[in-house]
Amino acid sequence: MSNNDNTKPPLLSRRDALKIIGATGATAVIAQAVTAGPLSSGAIEGLERETHHASSDHEWHMVIDLAQCIGCQYCIWACQATNDVPEDNMRWNIGFPERTEGGTDFYMTRPCLHCQDAPCVKVCPVGATWVREDGIVAMDYDRCIGCRYCEVACPYDVRRFNWGSIETENQYQPTWGVAEVERRERGVAEKCTFCVHRIDRGMAEGLTPGVDPQATPACVNICPVNARIFGDIKDPESPVSKYLDEHETFRLREDFGTEPKVHYVRPEREEA
C-alpha cells in the first residue's frame, strides 16, 4: 500500500468485536483495534447517528458556581435517578469536599466536561464516542467494545466502566427522579450526557434547554440554590451566556487544550 493511499481503516462494530473476543480472547480485539487505529474525524462523521436535533446553530454549555454550591449532593442523586446509575461507584457526576489555598471550604462537582477537542474521541477505535454538531460528547453504547481507551484518555476522570450487569434497585428512585433512559449493558464505558435525551426531545417540542425544565439536565433543575446554569452559548440571551457575561469563570486544566464546555465560578471572590 502506498503512502498516498487514502483508504480509511476498517471499522469494527460491537458485534464483530464480541465475536472476536468470544473466539480468541480480548487481546485479539484490542490488537485489531490498535492495528486499525482510531477513526478519523471524517469517518466518525460518516457514521449513522440518531442526532436529528443536533445542530451547529446551538452549543450547550454549563456553569457550576462553586461559591453558591452548598454541597447538598442533590445534583449527583438526581443524575443517578434520571440516568439509572444505581451504584455510587459508577456516578456520572463526581462530588467531593475541597479547600482553597486561602482556607475557603467548598464542594467540588464534576460531570463530563464535553470537551470540544475531546481526548476520548481521538482514541476510540470504533467511533463509539464523538462530538455532536451542538458540542455534546455522545456515546453509542451498542458500538462500544469496552476497550476502555476513552477512560484512560480522559484527563478529568469522568468516565466509568460497567464491569458487570447491575440488577440492584436504584435507591435514588423515585425520590430524586425516575429512569428516563435504559440501563446500560455490562462491558461499556458510561458518562454524563448533559441529559441529551431531554435536550433532543425538548428541541423537537419547541422547548428551550436551560429555560424549560423538561429540556434541561436533571442536575440543573434539582439544584436548590441555582448553582448550576445551562444553555446555548450561541444565544446571547440564554441563561448560560448571561451568567458568563456577569461572572469571572475558569475551566479545568485549560492548558490541555481540550476546550471544555463546563465553566466554574471560583469558590471565593476576589476582594476589590
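Residue numbers start at 1 and run along the sequence shown.
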Can you find a heavy atom in the side chain of [X] that is under 4.5 Å from one in the side chain of [Y]?
{"X": "Ile94", "Y": "Val158", "answer": "yes"}
{"X": "Val265", "Y": "Val63", "answer": "yes"}
{"X": "Val196", "Y": "Arg132", "answer": "yes"}
{"X": "Ile229", "Y": "Val220", "answer": "no"}
{"X": "Ser165", "Y": "Glu167", "answer": "yes"}
{"X": "Cys112", "Y": "Trp92", "answer": "no"}
{"X": "Val121", "Y": "Val137", "answer": "yes"}
{"X": "Pro224", "Y": "Cys72", "answer": "yes"}

Next on the checklist: Distance alone, cut at 3.5 Å: any donor-acceptor contact between the side chains of Arg143 and Thr129?
Outcome noted: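 Not at all, the side chains of Arg143 and Thr129 share no donor-acceptor pair under 3.5 Å.
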Checklist entry - Is the closest side-chain donor-acceptor distance between Asp65 and Tyr264 under 3.5 Å? => result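 No, no side-chain donor-acceptor pair sits under 3.5 Å.
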Item to check | Sidechain N-carboxylate O distance under 4.0 Å for Asp235, Lys242 | outcome: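 The answer is no: the pair does not qualify as a salt bridge.
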Checklist entry - Would Glu190 and Arg184 pass as an ion pair if we require N to O under 4.0 Å? => result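 Salt bridge flag = yes for Arg184 with Glu190.
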Item to check | Test side chain to side chain contact (heavy atoms under 4.5 Å, CB included) applied to Cys144 and Val126, step by step | outcome: CA-CA 7 Å; Cys144 177; Val126 294; 5.9 Å; no
Checklist entry - Given a cutoff of under 4.5 Å between side-chain heavy atoms of I, L, V, M, F, W and Y, with clusters grown through shared members, what are the other residues clustered with Trp163? => result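 Taking Ile, Leu, Val, Met, Phe, Trp and Tyr as members, Trp163 shares its hydrophobic cluster with Phe161.
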Item to check | Fellow cluster residues of Tyr107, listed by chain then number, with links counted only when side-chain atoms sit under 4.5 Å apart | outcome: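 Joined to Tyr107, directly or through intermediates: Tyr74, Ile76, Trp77, Tyr172, Trp176, Ile222.
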Can you tell me how far the [atom1] atom of [X] sits from the [atom2] atom of [Y], to the nearest 0.5 Å?
{"X": "Asn226", "Y": "Tyr243", "atom1": "CG", "atom2": "OH", "answer": "8.0 Å"}
{"X": "His58", "Y": "Ile136", "atom1": "NE2", "atom2": "CD1", "answer": "11.0 Å"}
{"X": "His263", "Y": "Leu244", "atom1": "NE2", "atom2": "CG", "answer": "5.0 Å"}
{"X": "Gln116", "Y": "Leu113", "atom1": "CD", "atom2": "CG", "answer": "13.0 Å"}
{"X": "Cys124", "Y": "Arg148", "atom1": "SG", "atom2": "CZ", "answer": "14.5 Å"}
{"X": "Gln80", "Y": "Cys219", "atom1": "CD", "atom2": "SG", "answer": "12.0 Å"}

Next on the checklist: Can you list everything that forms a ring pair (Phe, Tyr, Trp, His ring centres under 6.0 Å) with Phe106? Sequence neighbours excluded, please.
Outcome noted: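 Here no residue qualifies.
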Checklist entry - Does any N or O in the side chain of Lys261 come within less than 3.5 Å of the main-chain N or O of His114, such that one atom is a donor and the other an acceptor? => result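 Side chain of Lys261 to backbone of His114: a pair is present.
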Next on the checklist: I'd like to know if the side chain of Glu59 reaches the main chain of Ile233, judged simply by a donor and an acceptor atom lying under 3.5 Å from each other, with no hydrogens or angles considered.
Outcome noted: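 Flag not set: sc Glu59 to bb Ile233 has no pair under 3.5 Å.
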Which heavy atom of [X] sits nearest a heavy atom of [Y], and at what distance?
{"X": "Val131", "Y": "Ala118", "answer": "CG2-CB, 4.4 Å"}
{"X": "Pro209", "Y": "Ile199", "answer": "CG-CG2, 4.1 Å"}
{"X": "Gly231", "Y": "Ser238", "answer": "C-OG, 4.4 Å"}
{"X": "Tyr141", "Y": "Val188", "answer": "O-CG1, 3.7 Å"}
{"X": "Ile166", "Y": "Pro86", "answer": "CG2-CG, 3.5 Å"}
{"X": "Pro236", "Y": "Ser241", "answer": "O-CB, 3.7 Å"}

Going by side chain to side chain contact (heavy atoms under 4.5 Å, CB included), name the residues that satisfy it together with [X], two or more places apart in sequence or in a different chain.
{"X": "Val225", "answer": "Ile70, Cys223, Ala227"}
{"X": "Glu180", "answer": "Thr82, His197, Arg198, Arg201"}
{"X": "Cys150", "answer": "Cys120, Arg159, Ala189"}
{"X": "Thr104", "answer": "Thr100, Glu268"}

Which residues pass the side chain to side chain donor-acceptor pair (under 3.5 Å) test with [X], not counting sequence neighbours?
{"X": "Glu254", "value": "Arg251"}
{"X": "Asn170", "value": "Asp84"}
{"X": "Asp255", "value": "Arg253"}

Item to check | Check against salt bridge (charged side-chain N to carboxylate O under 4.0 Å, His left out), Asp232 and Lys234 | outcome: CA-CA 5 Å; Asp232 182 4; Lys234 291 189 175 182; over 6 Å; no
Checklist entry - When you look at CD of Glu182, are more than 12 heavy atoms from neighbouring residues, nucleotides or ligands closer to it than 6.0 Å? => result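 Not buried by this count: 12 neighbours or fewer within 6.0 Å.
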Checklist entry - Under 4.5 Å between side-chain heavy atoms, hopping through other hydrophobics if needed: is there a path connecting Phe250 to Tyr156? => result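 Phe250 clusters together with Tyr156.
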Next on the checklist: Show me the pairs that pass salt bridge (charged side-chain N to carboxylate O under 4.0 Å, His left out) and involve residues 109-119, at least two apart or across chains.
Outcome noted: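 Non-adjacent pairs meeting salt bridge (charged side-chain N to carboxylate O under 4.0 Å, His left out): Asp117-Lys122.
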Next on the checklist: Is it the case that the ring center of Phe230 lies less than 6.0 angstrom away from the ring center of His61?
Outcome noted: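 They do not qualify: ring centres at least 6.0 Å apart.
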Validation: residues 210-217 side-chain donor-acceptor distances under 3.5 Å, sequence neighbours left out:
unit_1	atom_1	unit_2	atom_2	d
Asp212	OD2	Thr208	N	2.7
Thr216	OG1	Gly210	N	2.8
Thr216	OG1	Asp212	O	2.8

Checklist entry - Between Leu66 and Met108, is a side chain to side chain contact (heavy atoms under 4.5 Å, CB included) present by the stated rule, with each step listed? => result CA-CA 7 Å; Leu66 299 176; Met108 181 69 182; 3.9 Å; yes
Checklist entry - How far apart are the C-alpha atoms of Asn162 and Met90, what are their side-chain angles, what is the distance that settles it, and do they pass the side chain to side chain contact (heavy atoms under 4.5 Å, CB included) test? => result CA-CA 8 Å; Asn162 194 337; Met90 287 289 294; 4.0 Å; yes
